[in-house]
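What you see is a predicted model; the values in this text were computed from it and never measured. Each chain gets a letter, A, B and so on, in the order the sequences are listed, and its residues count up from 1.
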Amino acid sequence: MKKVLFVIYQAPGGSVWPNEGFRTAFGMYADEVEPEVLLIDQAAITLAKETEPQKLGLLSIKMVQKYIGKYDTKVLVEKESLDKFHVTNMDEAYRAEVLSRAELQARLPQYDHVVFM
Amino acid sequence: MKKVLFVIYQAPGGSVWPNEGFRTAFGMYADEVEPEVLLIDQAAITLAKETEPQKLGLLSIKMVQKYIGKYDTKVLVEKESLDKFHVTNMDEAYRAEVLSRAELQARLPQYDHVVFM
Amino acid sequence: MLILVKYGPENPAERWKLEAAAPADQIVLIQNGIFWAVTEPKALEGKKVAIVQPDFEARGYSAESCPWPLVDYAGLITLIEQNPKSMS
Amino acid sequence: MLILVKYGPENPAERWKLEAAAPADQIVLIQNGIFWAVTEPKALEGKKVAIVQPDFEARGYSAESCPWPLVDYAGLITLIEQNPKSMS
Amino acid sequence: MEKLKITIQVMAPPYSYQDLDTALNIAEAGLDKGHDVGIFLFTDSVLATLSRVKPIRMDRNIPQRMQAMIAEKGLRVDICGICMDYRGVSREEIIEGATPSGLPELAALMATSDRFINLMA
Amino acid sequence: MEKLKITIQVMAPPYSYQDLDTALNIAEAGLDKGHDVGIFLFTDSVLATLSRVKPIRMDRNIPQRMQAMIAEKGLRVDICGICMDYRGVSREEIIEGATPSGLPELAALMATSDRFINLMA
């Protein structure tokens with residue numbers, strides 16, 4: 001079983017990478033790969049309750065929530081990024097775990113591949 | 001006659017924007033538009049004598065020189081960017097004029113459009 | 001001059017544009033350009049700034065607490081009408 | 001772990017990777033990632049760094065004055081062989 | 001306000017980035033205010049004219065939206081021809097009303113437009 | 001060195017950015033050293049499989065180079081199918097030897113590859 005961390009660093013709406021990062025992670029359940037998703041930098045806003053690109057006619061990001069539930073996908077977010085981008089009201093449906101940059105970096109050796117989207 | 005400044009800020013090789021920036025400027029001579037080209041940030045390396053993406057199998061950047069000559073296109077480059085990226089040996093075939101950031105910014109009001117590539 | 005900013009503070013070209021902005025220039029933050037208002041408001045001090053509200057709100061930010069004028073796309077057209085010159 | 005860096009210091013994800021790099025991790029600067037060596041060598045201090053020479057030279061920089069080991073694409077494959085894990 | 005000729009240049013590919021949506025939103029607002037609006041598609045943005053683009057069901061269809069704006073609101077769409085060749089976009093596959101052109105047309109648009117808005121790379 | 005299975009994922013569009021060239025350079029060096037190398041084309045990088053791509057004369061032809069590496073060196077090329085639909089790339093137009101697939105295939109590649117190299121967006 002390979003462990004793979006998908007890291008998203010760009011904002012939803014401005015780009016499709018948060019959607020594609022989650023979609024790729026969900027695709028991993030087809031095989032012997034255990035995916036996790038990490039949000040850093042601008043991507044941290046993905047988790048804000050009020051963030052929804054669909055309001056602007058773009059692809060919804062909230063749609064990933066149902067698959068997070070279905071697959072029980074581990075979602076991590078960097079605390080420093082949440083602070084920097086003023087994300088105070090996190091949407092609990094993402095089931096995200098908040099970790100500091102130091103905690104995240106200490107965690108990296110447990111993954112076979114860390115894949116930035 | 002409209003005056004348009006095309007600003008390139010990305011490096012040749014890594015992206016096609018220096019090529020496309022020059023190509024667009026050359027295309028302007030078909031009509032009543034007077035183009036100039038400005039290189040800032042990583043794009044400043046375009047002017048280094050030794051810079052040539054073709055060495056790596058990519059599209060040549062030196063190919064633009066012949067059109068700069070043909071159209072007598074004004075090429076500007078920011079001094080601070082040359083310094084930052086250690087461009088000491090400029091290729092004179094680009095006929096570039098070196099201006100400081102302050103000088104460039106003072107120049108902006110003379111253009112109708114400043115178009116970043 | 002209308003100055004359109006669509007990337008955040010990580011983008012060196014956007015920083016260049018903002019530094020170059022004269023007090024009379026109309027800066028418009030759109031797309032990820034709205035992150036200047038969130039993480040680096042100092043870069044906007046003394047400048048004439050408007051934020052495209054649908055882009056701001058789609059990224060989870062509330063118009064209520066925003067100290068800059070917000071415009072919708074029709075409002076952006078008004079700013080385009082008012083400014084024949086552009087840096088974008 | 002092999003850490004591939006293909007953008008310069010303006011990219012927040014690359015900065016994150018470099019900060020996360022342990023002393024034993026093999027960092028490879030490729031494409032515009034070579035600009036770290038040019039403009040922000042401090043970020044590479046104490047790290048195991050290799051630079052892809054064709055990418056470095058195509059951007060006008062000389063191998064002679066480069067304090068880091070340079071590799072060609074075959075050399076990059078050797079680094080890939082030596083490092084089963086990756087961050088890229 | 002008098003009627004203005006407004007040109008919007010786009011470079012980024014549709015869907016991966018927001019620029020096509022932004023361009024269409026600006027264009028629509030301009031057309032609704034009575035202006036003459038055109039979009040010039042450069043480099044990867046030319047993909048937005050492919051009628052065959054098929055997004056997932058819950059996503060927006062950018063080529064269809066553009067085609068409807070051409071037909072119903074008079075939006076002009078010019079496409080850089082060399083950019084089409086580079087991306088394998090053939091003239092038979094593009095949406096109705098979009099016009100393959102090139103840099104001479106962009107130069108003419110720049111010369112004749114009252115406003116020019118660019119969405120940079 | 002034992003023979004390794006190496007997979008390289010690409011996302012950026014060809015020509016606009018260097019990633020396809022980088023992927024092919026790495027793949028070629030790996031194949032020349034006797035490894036089993038595959039490229040997984042995701043999002044805009046799928047354009048690199050269009051046989052109709054026509055660069056200007058002095059530029060490299062990326063799809064042709066990839067096709068030659070498939071035929072002559074045994075490069076494997078998988079293409080994300082949904083990404084093809086999103087970019088209007090039809091299965092009839094792609095280079096010989098490239099295989100439309102999807103995320104299940106990427107998952108299998110990740111599970112079975114000895115090395116995985118990604119060229120991020």
Side-chain angles (χ1 to χ4, degrees), chain A residues 7-22 37 39-65 68 75 77-96 98 101 116-117, chain C residues 2-18 27-45 49-80 87-88:
Chain A
V7 187
I8 308 167
Y9 74 102
Q10 297 185 64
S15 78
V16 80
W17 306 115
N19 290 84
E20 291 291 22
F22 275 106
V37 174
L39 302 155
I40 63 168
D41 209 72
Q42 292 180 2
I45 68 154
T46 304
L47 301 182
K49 191 109 187 164
E50 295 302 323
T51 295
E52 181 47 289
Q54 208 170 8
K55 291 178 192 169
L56 189 46
L58 305 167
L59 182 60
S60 169
I61 186 66
K62 302 269 186 200
M63 64 183 279
V64 307
Q65 293 175 346
I68 291 171
V75 179
V77 61
E78 186 183 71
K79 184 177 183 312
E80 288 85 344
S81 300
L82 289 174
D83 292 345
K84 183 176 175 189
F85 291 93
H86 306 182
V87 179
T88 47
N89 189 16
M90 266 175 50
D91 189 335
E92 289 181 9
Y94 290 106
R95 304 178 179 196
V98 181
R101 180 171 295 201
F116 281 69
M117 300 296 288
Chain C
L2 184 91
I3 301 179
L4 197 69
V5 173
K6 78 180 183 86
Y7 292 118
E10 77 287 357
N11 185 283
E14 302 294 26
R15 188 172 297 278
W16 200 95
K17 285 186 208 166
L18 285 175
I27 296 165
V28 176
L29 306 181
I30 195 170
Q31 295 189 2
N32 290 347
I34 66 104
F35 289 122
W36 286 96
V38 178
T39 67
E40 219 181 303
K42 275 206 156 105
L44 307 176
E45 271 174 20
V49 174
I51 300 179
V52 178
Q53 183 164 350
D55 291 56
F56 192 63
E57 290 183 339
R59 285 164 178 79
Y61 299 104
S62 161
E64 283 163 35
S65 56
C66 180
W68 292 277
L70 292 145
V71 292
D72 58 11
Y73 283 90
L76 173 52
I77 294 294
T78 304
L79 298 178
I80 291 172
M87 175 152 70
S88 57

Determine the minimum heavy-atom distance between A/G14 and C/N32, stating which atoms define it.
-> CA-OD1, 3.9 Å
Counting a contact as any heavy-atom pair under 4.5 Å apart, which residues of residues 77-94 of chain A contact chain C?
-> A/K84, A/F85, A/H86
Please list, in residue-number order, every residue in residues 60-75 of chain C that has a heavy atom less than 4.5 Å from any heavy atom of chain A; write 'none' if there are none.
-> C/G60, C/Y61, C/Y73
Sort by residue number and list every member of residues 49-57 of chain A having a non-hydrogen atom under 4.5 Å from chain C.
-> A/E50, A/T51, A/E52, A/P53, A/K55, A/L56
Sequence neighbours excluded, which residues qualify as ring pair (Phe, Tyr, Trp, His ring centres under 6.0 Å) partners of A/F116?
-> none
